[in-house]
Student: 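Shown below is the structure under consideration.
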Number of protein chains: 2
Amino acid sequence: MRPGTMRERNLAMLLGEVFAHEPVTRARLAALTGFTKTTVSNLVAVLAEAGLVRDGELVHEGERGRPGVAVAVNRDRAAGLGLEVNVDYLAACVLDLGRRVRYRHLVAADNRDQQPERIVTALARLAEQAVASAAAQGLDVVGASVALPGVFDRADALHAPNLGWSNVPMAGLLGEGLPTLRLAAEHDNEANLAALGELWFGAGRTLGDYLHVSGEIGIGAGIIVGGQVFRGARGFAGELGHVAVAPGGPPCPCGGRGCLERVAGQEAILAAAGLTGVTAGSAAGPRESISALVGLLESGDRRALEAVLAAGRSLGAALAAAVKVLDPDTVVLGGIFSPLAPWVRPEVEAALSAGALYGAVPAVVVSPLAGDAAVLGAAGSVIERVHANPALLLH
Amino acid sequence: MRPGTMRERNLAMLLGEVFAHEPVTRARLAALTGFTKTTVSNLVAVLAEAGLVRDGELVHEGERGRPGVAVAVNRDRAAGLGLEVNVDYLAACVLDLGRRVRYRHLVAADNRDQQPERIVTALARLAEQAVASAAAQGLDVVGASVALPGVFDRADALHAPNLGWSNVPMAGLLGEGLPTLRLAAEHDNEANLAALGELWFGAGRTLGDYLHVSGEIGIGAGIIVGGQVFRGARGFAGELGHVAVAPGGPPCPCGGRGCLERVAGQEAILAAAGLTGVTAGSAAGPRESISALVGLLESGDRRALEAVLAAGRSLGAALAAAVKVLDPDTVVLGGIFSPLAPWVRPEVEAALSAGALYGAVPAVVVSPLAGDAAVLGAAGSVIERVHANPALLLH
DNA sequence: TGCGTTTCGTCAACTGCCTTGACGAAACCA
DNA sequence: TGGTTTCGTCAAGGCAGTTGACGAAACGCA
């Protein structure tokens, strides 16, 4: 570790305090960080020059004495671009440094069995529109992050069975297709980014360590420990969808039997509820199908209720095992389980409280973001990169 | 972060390189760390003054040129004390800074339903003997760490059902009872320390991230991620013993049904194998009972084989779920599963390979340490504290 | 209105720690 | 014996945070 590294960390720490307490005077920042007023002034000057913070009004914190100058995050310069490829839509979203949404766009599209190149081209068009719209607002998009519905192997190739893709070299495609920004483009699993979205835009930092269930066609879990994604040794951590919950149950392409997502995934639930005909081959996307299901549930449809409760029990069983291994503070129900929560949540809570050690039952909360968590998480992760090391933007 | 913090880290980094490459010259250390030769010399001087490192012979690394002075870890000064309280024994162990065992002592004792104060007193006597023996070898015991068979709640009170203890304020008892050393005494779950023992003394650093199953009366798992124990939000991570594997199975004191340790714990296996009479109330400790079981297995006893294979299947089922959530590189079978590995391991491997995603099957290895992992891990964790921040011993 | 009090932010000098560049020391080779 | 190579140290320098003092800007009270 060299003096330069020390400075990078101190800039990050200071920016974090500004973000957490803005508007805040230099004197209070000194108290918060333990630095001297001199050091705070120097660091603030560096951040201000990079356009990350700016001085505001005079503020009077105490009763007497000279008022201080408010330092606040600069919401009119650096911005982050989040992109998402999903089975039935593409989405983009721009956040400013204060994590406010400044632009959103969602395009319905059937992306199944399409050439990855075509999709990346369409995504790039979305990205360019987003960057242009941001520029019109005076924002400078410094980086992008892409959420993808699949997992990455050790060579960073994407396997996305729900898109019909396997072994797709995403890093290369995105690097060529997307507009060049100051920070390199990144990509990650939809479940991981949705979990991060929850951290920044959902139930928020009060969650502690948590496990965020992303129910879609597959079922994934994003695991957040200490504010960061827990990925496991190969990046496959949180593959909740392939925990076996039904011994001797239906076979799964993964090679197992009775995997959770065969029993409680979107398609399994819709089929069990008698809604298969509505979706198969029709134009109705998943979100519409789930709305239809919720309609049935609210009208008290017996078959739909049975289907959803059974899915809730299976999900509860898988989560009970996961919780005993991970011991999170909270379990967040996201994706399709968010609209279905009134029926699913009691089942999950029952499964988690049976056999809880020493009262270690995590709270079960419902995601307010539902399907939007992933794009928001993607855009947020760009902002997070800047927060973690503002020196990246010093030029 | 202040300059002093930077120095602490750099000392730690340098000590780490010395440990990894000793004997090593200052010039090579400079190449390894990226520091300049000047800085290396300064840092080495500080470590040498604290007695952590010392100069050795001249060594000739290249073909030509002036030979360098070998810097090596000083194995004759700082030492760490590991202590263990278990159901049927107390143990102590002293390691030097190079993690060599310099003293070991194990005392058989039935610690069930004893007063915690009595046990701590007995443990303190063991600790004093260990410190004295270390002193006789010229070693300075700088700290101690205690392995305990139970979990700690948020208030750091110990709950150890197998000892008949609940809500025991261990930190206080140990603080008063144990000899005062330069670093404060620490304590941790036996499963966690056993997992760390494996890291330093067992299959070693080649394991990557792993899950170490400690099969004893209960079944715990120590989870190592990036060389550190993964504890979860409340410190209950890795409670593998209470994953439900037998729906509608026997009830467990934890409140659940069909918990793994009711089905594959030591007592369940011995009972199923028809060995209950041998242990219940008799003087034979667990290790003897397991030896007896291994004897039966080797002689081909039908009932014993059935019992152990069934336990292996249950363990495999629980591990399969844990592995999909955590995605470790390796699963280590320790505790009683170490001697039983020839029979248990194939079952576990079968369970893990069914439904493995994208070839993400962790290797299953057998602990060479078996029951000794926890004391070694405890002593090793003291050494680790010094390695992580050698500045603790500067004064 | 004027002056003391309080708090804010900045300035100049200082210290700690790593780096630079040069140099003497210690080996080998011719 | 002298040239070459590599090792470790030394003096000077630079970066970054600290110290202590001081001017600036508000309020309160006479």
Side-chain angles (χ1 to χ4, degrees), chain A residues 1-15 17-18 21-50 53-72 389-391 394, chain B residues 1-15 17-18 21 23-49 53-72 389-391 394:
Chain A
M1 170 163 300
R2 262 141 280 282
T5 317
M6 178 167 71
R7 178 137 263 217
E8 283 179 14
R9 300 225 180 167
N10 289 344
L11 285 169
M13 180 178 178
L14 193 76
L15 182 57
E17 296 293 344
V18 171
H21 297 97
E22 66 172 350
V24 58
T25 66
R26 287 166 173 75
R28 197 149 99 81
L29 283 171
L32 286 166
T33 58
F35 293 130
T36 62
K37 289 183 292 175
T38 308
T39 301
V40 168
S41 282
N42 288 334
L43 293 173
V44 166
V46 173
L47 292 176
E49 178 148 20
V53 302
R54 61 181 161 197
D55 284 350
E57 314 263 288
L58 290 186
V59 291
H60 227 115
E61 295 206 321
E63 290 285 304
R64 287 182 291 280
R66 170 181 167 180
V69 181
V71 177
N389 189 0
L394 288 190
Chain B
M1 169 163 299
R2 263 141 282 280
T5 317
M6 178 166 72
R7 176 136 265 217
E8 284 178 13
R9 300 223 181 172
N10 288 344
L11 285 169
M13 180 177 177
L14 194 75
L15 182 57
E17 295 292 344
V18 172
H21 297 98
V24 58
T25 65
R26 287 165 173 75
R28 197 151 98 84
L29 283 171
L32 286 167
T33 57
F35 293 130
T36 61
K37 288 184 292 174
T38 308
T39 302
V40 169
S41 283
N42 289 332
L43 294 173
V44 166
V46 172
L47 292 176
E49 178 148 19
V53 136
R54 62 182 161 196
D55 283 351
E57 315 263 286
L58 290 185
V59 290
H60 228 114
E61 294 206 323
E63 290 285 304
R64 287 182 291 280
R66 169 181 168 181
V69 180
V71 177
N389 190 1
L394 283 195

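Predicted model, so just to flag it, every value in this text is computed and none were measured. Letters go in sequence order (proteins before strands), and every chain restarts at 1.
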Student: Take atom CE of B:M13 and atom C1' of C:dC18, then tell me their distance rounded to the nearest Å.
Tutor: 13 Å
Student: What string of B, S and - do you get for nucleotides 21-30 of chain D 5' to 3' if you count protein non-hydrogen atoms under 4.0 Å?
Tutor: --BBBB----
Student: Distance check: side-chain N/O of B:R2 vs OP1/OP2 of D:dA16, anything under 4.0 Å?
Tutor: no
Student: Check the phosphate of C:dT10 against A:T38, side-chain N and O only, distance under 4.0 Å to OP1 or OP2. Yes or no?
Tutor: no
Student: Any non-hydrogen side-chain atom of B:L15 less than 4.5 Å from a side-chain atom of B:L11?
Tutor: no
Student: Output all residues satisfying side-chain contact (heavy atoms from CB on, under 4.5 Å) with A:R66, sequence neighbours left out; order by chain, then residue number.
Tutor: none
Student: Side-chain contact, heavy-atom cut-off 4.5 Å: A:V40 with A:V71?
Tutor: no
Student: In whole angstroms, how far is the P atom of C:dT19 from the CZ atom of B:F35?
Tutor: 7 Å
Student: Counting only side-chain N and O atoms of B:N10, is one of them less than 4.0 Å from OP1 or OP2 of C:dC18?
Tutor: yes
Student: Applying side chain to side chain donor-acceptor pair (under 3.5 Å), name anything that partners B:R26, two or more places apart in sequence or on another chain.
Tutor: B:D55
Student: Please check the phosphate of D:dG17 (OP1 and OP2 only) for any side-chain N or O of A:T39 closer than 4.0 Å.
Tutor: no
Student: Using heavy atoms to find the nearest nucleotide of DNA chain D for A:T36 and B:R28 separately, return the residue whose nucleotide is more 5′.
Tutor: B:R28
